[in-house]
A.B. asks: 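Have a look at this one before I ask anything.
Each residue takes its place number in the sequence, starting with 1.
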Amino acid sequence: MIGRGDVYKVVAAMAPLYFALGLGYGSVRWWKLFTPDQCDAVNRLVAYFSVPFFAFDFAARIDPFALSYRVLAADALSKLAVVLALAAWAAAAAGGDKSKSKDRALSWCITGFSLAALNNTLVVGVPLLDAMYGKWARDLIVQISVVQIIVYFPALLLAFEARRAWGAGKPAAAEGAAGDLEESGDRGETAARSFRPLVRVVWMKVARNPNVYAGVLGVAWACVTNRWHIETPSIIEGSVLVMSKTGVGLSMFSMGLFMALQEKIIVCGAGPTMLGMALRFVAGPAATAAGAMALGLRGDVLRLAIIQAALPQSITTFVFAKEYGLHADVLSTAVIFGTLASLPVLIVYYIVLGLVRC
């Protein structure tokens with residue numbers, strides 16, 4: 001049974017995040033303390049230092065020999081269910097005739113997967129679920145977050161690059177191979193022969209992403225320390241910790257800067273906004289609940305799985321959408337409006353799931 005004290009503990013854990021977000025928003029929109037160029041500098045600081053150290057700090061605390069494989073498998077199964085549902089919808093929407101319809105269906109599949117399956121697990125999820133269920137929940141959400149960084153984000157990049165190369169977007173970085181194949185008009189052959197260049201392009205982009213480095217290095221260090229029972233030297237631990245502590249606050253401050261730089265909170269119209277919110281707060285948790293129950297998760301672990309699926313939208317999905325010119329307005333709205341709406345939605349999930357016998 002969830003009492004008032006439990007709800008207050010959750011609000012108390014989340015209020016500092018929204019306080020930092022409000023300061024970021026007000027510093028640009030009301031007080032004019034930062035120019036757009038200065039905001040970009042703050043965002044770079046967050047992207048290349050604060051968040052990577054935060055990710056490394058928590059990834060390094062994982063016990064790789066005690067991973068919750070069923071929770072990770074349930075998360076993967078839910079994402080597979082989303083992919084299959086979107087693929088079925090795309091096949092029906094395309095109707096098997098015009099390439100333009102296929103391209104549009106593929107584009108919405110990528111956006112739909114971003115909205116339903118990829119969320120802000122690290123910055124918002126860690127403090128929220130720690131407040132709800134304690135240390136074990138924090139450890140689980142860190143595992144899910146690391147897998148998202150090193151597996152699902154690169155997979156999303158691959159989908160973007162595939163769309164670009166196969167004619168739905170701008171010319172691919174591997175233009176030579178795709179250009180020759182375009183002349184033949186054989187899209188199936190294009191797909192087969194351009195796969196290797198696509199993987200190369202994605203690999204280069206992943207290799208430049210500091211969060212991926214942080215996640216991989218953190219897990220590697222966790223393997224070393226747990227396998228040979230090595231303690232991290234205090235000078236290294238202190239250095240990482242001092243940067244890690246800035247991760248959450250600066251990330252939310254940066255989110256406030258991002259919101260303030262947009263002309264409107266809702267930039268894509270009411271229809272796409274409602275679709276985005278339905279995918280984020282309803283379809284995603286529903287798919288996760290189905291996957292988790294199919295693998296036998298019960299009790300608080302099941303509740304955690306559902307709540308983490310309803311976390312606000314990952315800002316990385318907007319960065320990708322903007323880079324590839326695909327529904328950036330929809331993802332921008334999902335990030336901004338979803339972040340603002342997420343606290344009451346998550347508290348409702350927390351209360352309702354506390355009343356339901358899982």
Side-chain angles (χ1 to χ4, degrees), residues 51-84 110 113-130 133 135-160 199 202-203 205-207 209-226 244 247-248 251 280 284-285 287-292 294-297 301-317 319-320:
V51 172
F53 274 101
F54 184 65
F56 175 85
D57 181 29
F58 278 94
R61 300 182 194 182
I62 293 174
D63 183 353
F65 305 105
L67 292 177
S68 300
Y69 291 107
R70 275 207 300 173
V71 173
L72 297 178
D75 186 53
L77 186 60
S78 69
K79 287 175 170 56
L80 177 61
V82 170
V83 169
L84 293 176
I110 295 172
F113 179 77
S114 298
L115 289 167
L118 300 172
N119 47 28
N120 198 335
T121 51
L122 192 62
V123 174
V124 177
V126 169
L128 175 73
L129 289 162
D130 190 10
Y133 299 112
K135 182 181 179 299
W136 68 267
R138 184 188 67 195
D139 293 342
L140 282 183
I141 196 65
V142 169
Q143 294 177 27
I144 293 171
S145 177
V146 170
V147 172
Q148 178 171 276
I149 290 171
I150 65 180
V151 176
Y152 298 125
F153 283 149
L156 181 63
L157 266 179
L158 183 62
F160 275 116
V199 173
V202 171
W203 171 252
K205 291 191 175 185
V206 168
N209 190 316
N211 290 330
V212 175
Y213 277 121
V216 171
L217 289 174
V219 172
W221 182 247
C223 290
V224 170
T225 55
N226 281 276
S244 173
V248 174
S251 293
R280 173 94 308 271
T288 300
L295 291 182
L297 298 185
V301 178
L302 175 59
R303 295 184 181 96
L304 174 143
I306 296 171
I307 290 174
Q308 68 83 24
L311 290 168
Q313 186 69 34
S314 166
I315 195 169
T316 304
T317 58
V319 173
F320 289 168

A.B. asks: Counting only heavy atoms from other residues, nucleotides and ligands, does the tally under 6.0 Å from CH2 of Trp203 exceed 12?
C.D. replies: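 Atom CH2 in Trp203 is not crowded, with 12 or fewer foreign heavy atoms closer than 6.0 Å.
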A.B. asks: Regarding Ser114 and Thr317, is there a side-chain donor-to-acceptor distance under 3.5 Å anywhere?
C.D. replies: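 No.
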A.B. asks: CG of Leu304 to CD1 of Ile144: how many Å apart, nearest 0.5 Å?
C.D. replies: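 Going from CG on Leu304 over to CD1 on Ile144, the span is 6.0 Å.
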A.B. asks: Looking at Ala310 and Pro285, what are the two nearest heavy atoms and their distance?
C.D. replies: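 In terms of heavy atoms, the two residues are closest at CB-CG, 3.7 Å.
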A.B. asks: Looking only at heavy atoms, what is the nearest atom pair of Phe320 and Phe153, with distance?
C.D. replies: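 The answer is CE1-O, 3.9 Å.
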A.B. asks: Regarding Lys79 and the six-membered ring of Phe113, is the cationic atom NZ or CZ under 6.0 Å from the ring centre and inside 45° of its axis?
C.D. replies: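 No cation-pi geometry.
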A.B. asks: Examine distances only and state if a side-chain atom of Gln313 and a backbone atom of Asn120 form a donor-acceptor pair shorter than 3.5 Å.
C.D. replies: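 Not a single qualifying donor-acceptor pair exists.
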A.B. asks: Grab the two heavy atoms, one from Ala55 and one from Ala214, that are nearest each other, plus how far apart they are.
C.D. replies: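 Between these two residues, the closest heavy atoms are CB-CB, 4.1 Å.
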A.B. asks: Rounded to the nearest 0.5 Å, what separation is found between the CZ atom of Arg61 and the CZ atom of Arg138?
C.D. replies: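 Interatomic distance, Arg61 CZ to Arg138 CZ, rounded to 0.5 Å: 6.0 Å.
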A.B. asks: What's the shortest heavy-atom distance between Ala292 and Leu302, and which atoms?
C.D. replies: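 Closest approach of Ala292 to Leu302, heavy atoms only: CB-CD1, 3.5 Å.
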A.B. asks: Measure the CG-CD1 distance between Asp139 and Ile62 for me, rounded to the nearest 0.5 Å.
C.D. replies: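 It comes to 8.0 Å.
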A.B. asks: Restricting to non-hydrogen atoms, name the atom on Gly215 and the atom on Ala59 that form the minimum distance, rounded to 0.1 Å.
C.D. replies: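 Looking at all heavy atoms of both residues, the closest pair is O-CB, 4.0 Å.
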A.B. asks: How many angstroms lie between atom OG of Ser68 and atom CD1 of Ile141, to the nearest 0.5 angstrom?
C.D. replies: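 Between atom OG of Ser68 and atom CD1 of Ile141 there are 11.5 Å.
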A.B. asks: For Ile150 and Val212, work out which heavy atoms get closest and say how close.
C.D. replies: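 Looking at all heavy atoms of both residues, the closest pair is CG2-O, 4.1 Å.
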A.B. asks: Would you call the rings of Trp136 and Tyr133 parallel, tilted or perpendicular, where under 30° means parallel and over 60° means perpendicular?
C.D. replies: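 Because their plane-to-plane angle lies in the 30° to 60° range, the rings of Trp136 and Tyr133 count as tilted.
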A.B. asks: Is the backbone of Thr121 close enough, under 3.5 Å, to the side chain of Gln308 for a donor and an acceptor to pair up by distance?
C.D. replies: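 No, Gln308 side chain to Thr121 backbone: no donor-acceptor pair under 3.5 Å.
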